[in-house]
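To start, the structure under review is shown below, and the notes come after it.
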Number of protein chains: 2
Amino acid sequence: MAEAAPQTEGNEARRRAMLQAAAELISERGYGDTRIADVAKRAGTSSGLVIYYFGTRDRLLVDALRFSEESYYDAASRLLDEQRDFRRRLSMLVEWSCVPELPGEVHGSWGLWLDLWSTALRHPEVREARVELDSRWRDLVERIVREGQESGDVRADVGTRRFALSFTVVLDGLSTQVALDDPEITSDLAHDIAMEYAEHELGLAKGPRRLKPRKR
Amino acid sequence: MAEAAPQTEGNEARRRAMLQAAAELISERGYGDTRIADVAKRAGTSSGLVIYYFGTRDRLLVDALRFSEESYYDAASRLLDEQRDFRRRLSMLVEWSCVPELPGEVHGSWGLWLDLWSTALRHPEVREARVELDSRWRDLVERIVREGQESGDVRADVGTRRFALSFTVVLDGLSTQVALDDPEITSDLAHDIAMEYAEHELGLAKGPRRLKPRKR
DNA sequence: AGCGTTTGACTGACTGTTCAATCTAACGAG
DNA sequence: CTCGTTAGATTGAACAGTCAGTCAAACGCT
């Protein structure tokens, strides 16, 4: 079997190109319908080389899922740091869940989540990666809330972890519906539901539903 | 191509057997990894006949998903009718979402939902079926709430549709985590989150978290 | 030369679908 | 009642396409 291999620096770029290509293809066609040859073509190499790098199709795809989600959190984390206003921060979290496309992130990471979930159901490797990724996502939310408490925006008696858990769950549910383009759960409604939930749970003063005017 | 075919009554039994087998296999192995030959073997027929009945693998699997979800709602609807107490009814809804296995339902319909979602992302047929199924599920929840208003358990000013939408979204998110066996979102926690949400939104008197003692 | 990297042709296994042949049961004419 | 006819149901094998993974040869650094 082809042993996973290279460590030089030029190779790292090629590796990333393959992961990027794989992530894109998974989100376009789904995990099961992503072929090695397609990944190779989009990354501008040969399928033999893809196997040379990753050893097996499953490992390639699993790594691609991880790569994509990681770049998502990195981008999210960076953008949050640029904004100190608590309400605005909260709105950002909601926005990302209910309207796709985060700058710097892999294109169309929406389908990726749903695919990640159904794949995790059967692949232990993916299951563990998902748990880890989700925990990191919750940490991020928790951190924001805790900083909200420090700045006095959030009631001090809120259990931050518990809130992070339930809030991310709500966001999961909403984003699923939005991703599946459900006719009843529009992007706007999803935003409202999430913000109302947070306002109630955190004891926030009720504010405008959206900071920027609705796109129409 | 093989045109979908038979109309006699004895055939209906065989048809159901194939759908049942397919649904089981999808939930075990996933949509993409379910082979016609396997479905045929489990249903006790030949793969040729499966194609004879459904014309194509995709149609078979799509029909199987629909079949499974329909039997789920039928069972749910029946069980709800046997129970008139509002709080108990609510608890049943939550229980079904956070702990699998509904009597009379296809085994392990959990994986099916996640697979349904990721498949719906790419297959228009499945997407429409999902929308329809979800709408039916929300109708069920809405009906329960409206009856709760009539019996005086639920505040009269609650928007029933809006609640049905947001509540089912919460249940979706919770059931996803439970299905994926997330270490932080235990079945008990999921139950608490859902009930608290409902209590607040519906203006219910706070009650015991669970009616039956926790399984340990 | 020597090494890691890269290629792309190739293989071997798998699987959806087709198809000709067989079986079953209902039916109607004699 | 019986037997040939027929239409639908069922089978099993063959077909044709697809793809993950292998391999021997070529490449291009150092």
Side-chain angles (χ1 to χ4, degrees), chain A residues 1-26 28-65 115 119 122-123 125-126, chain B residues 1-26 28-65 115 119 122-123 125-126:
Chain A
M1 77 208 68
E3 212 30 65
Q7 43 268 77
T8 12
E9 292 157 22
N11 299 5
E12 191 51 27
R14 182 150 269 185
R15 185 187 176 78
R16 290 172 66 92
M18 291 180 185
L19 290 172
Q20 167 86 21
E24 285 175 17
L25 284 164
I26 293 176
E28 288 169 21
R29 307 179 195 185
Y31 188 101
D33 289 334
T34 298
R35 310 280 148 237
I36 291 185
D38 300 329
V39 174
K41 185 183 292 180
R42 184 166 302 192
T45 66
S46 63
S47 46
L49 196 60
V50 173
I51 291 292
Y52 178 67
Y53 270 68
F54 295 93
T56 172
R57 173 177 171 271
D58 262 350
R59 189 133 52 227
L60 161 69
L61 297 185
V62 169
D63 284 2
L65 288 173
D115 244 83
T119 308
R122 254 93 44 179
H123 290 56
E125 280 178 289
V126 180
Chain B
M1 77 208 66
E3 212 27 67
Q7 41 268 78
T8 13
E9 294 158 22
N11 300 6
E12 191 51 26
R14 180 146 271 184
R15 184 186 177 78
R16 289 173 66 92
M18 290 180 184
L19 290 173
Q20 167 86 22
E24 286 174 17
L25 283 164
I26 293 175
E28 288 168 21
R29 305 179 195 185
Y31 189 101
D33 289 336
T34 297
R35 310 280 151 239
I36 290 187
D38 299 330
V39 174
K41 185 184 290 179
R42 184 166 301 194
T45 65
S46 63
S47 45
L49 195 62
V50 173
I51 291 292
Y52 178 66
Y53 270 69
F54 295 94
T56 172
R57 173 179 172 271
D58 261 350
R59 189 132 51 227
L60 161 67
L61 297 185
V62 169
D63 283 4
L65 289 172
D115 243 80
T119 308
R122 257 93 43 179
H123 291 57
E125 281 178 289
V126 180

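Bear in mind the structure is a predicted one, so any value in this text is a computation, not a measurement. Convention: sequence-line order gives letters A, B, ...; per-chain numbering from 1.
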Practice prompt. Find out whether L65(B) and Y31(B) are in side-chain contact, i.e. whether some heavy atom of one side chain is under 4.5 Å from a heavy atom of the other.
Written response: yes
Fill in: Under-4.0 Å salt bridge between R122(A) and D33(B)
no
Worksheet item: Is R29(A) salt-bridged to D38(A), going by a charged N under 4.0 Å from an acidic O?
Response: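 Result for this pair is yes, salt bridge flagged.
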Discussion item. Closest-nucleotide mapping onto DNA chain D: is R35(A) or G48(A) further toward the 5' terminus? I mean the 5' end.
Written reply: R35(A)
Among the nucleotides [options], which one has an atom lying closest to any side-chain atom of [X]?
X	options	answer
R57(A)	dG21(D), dT10(D), dG8(C)	dG21(D)
I36(A)	dG8(C), dA20(D), dT17(C)	dA20(D)
S46(B)	dT10(D), dT7(C), dT17(C)	dT10(D)

Whole-Å gap separating [atom2] ([N]) and [atom1] ([X]):
X	N	atom1	atom2	answer
R59(B)	dG16(C)	CZ	P	16 Å
L49(A)	dC23(D)	CG	C1'	14 Å
Y53(A)	dA20(D)	OH	P	20 Å
Y31(A)	dC19(D)	OH	C1'	15 Å
L25(B)	dG16(C)	CG	P	12 Å
I51(A)	dT11(C)	CD1	P	18 Å
K41(B)	dT10(D)	NZ	P	20 Å
R15(B)	dT10(D)	CZ	C1'	17 Å

Side-chain N,O ([X]) to OP1/OP2 ([N]) below 4.0 Å:
X	N	answer
S47(A)	dT7(C)	no
T56(A)	dG21(D)	yes
R14(A)	dT6(C)	yes
Y52(A)	dT6(C)	no

Worksheet item: Can you name the closest pair of heavy atoms from S47(A) and A40(A) and give their distance?
Response: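 That would be N-CB, 3.5 Å.
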Fill in: Atom of L60(A), atom of L19(A) and distance for their closest heavy-atom approach
O-CD2, 4.2 Å
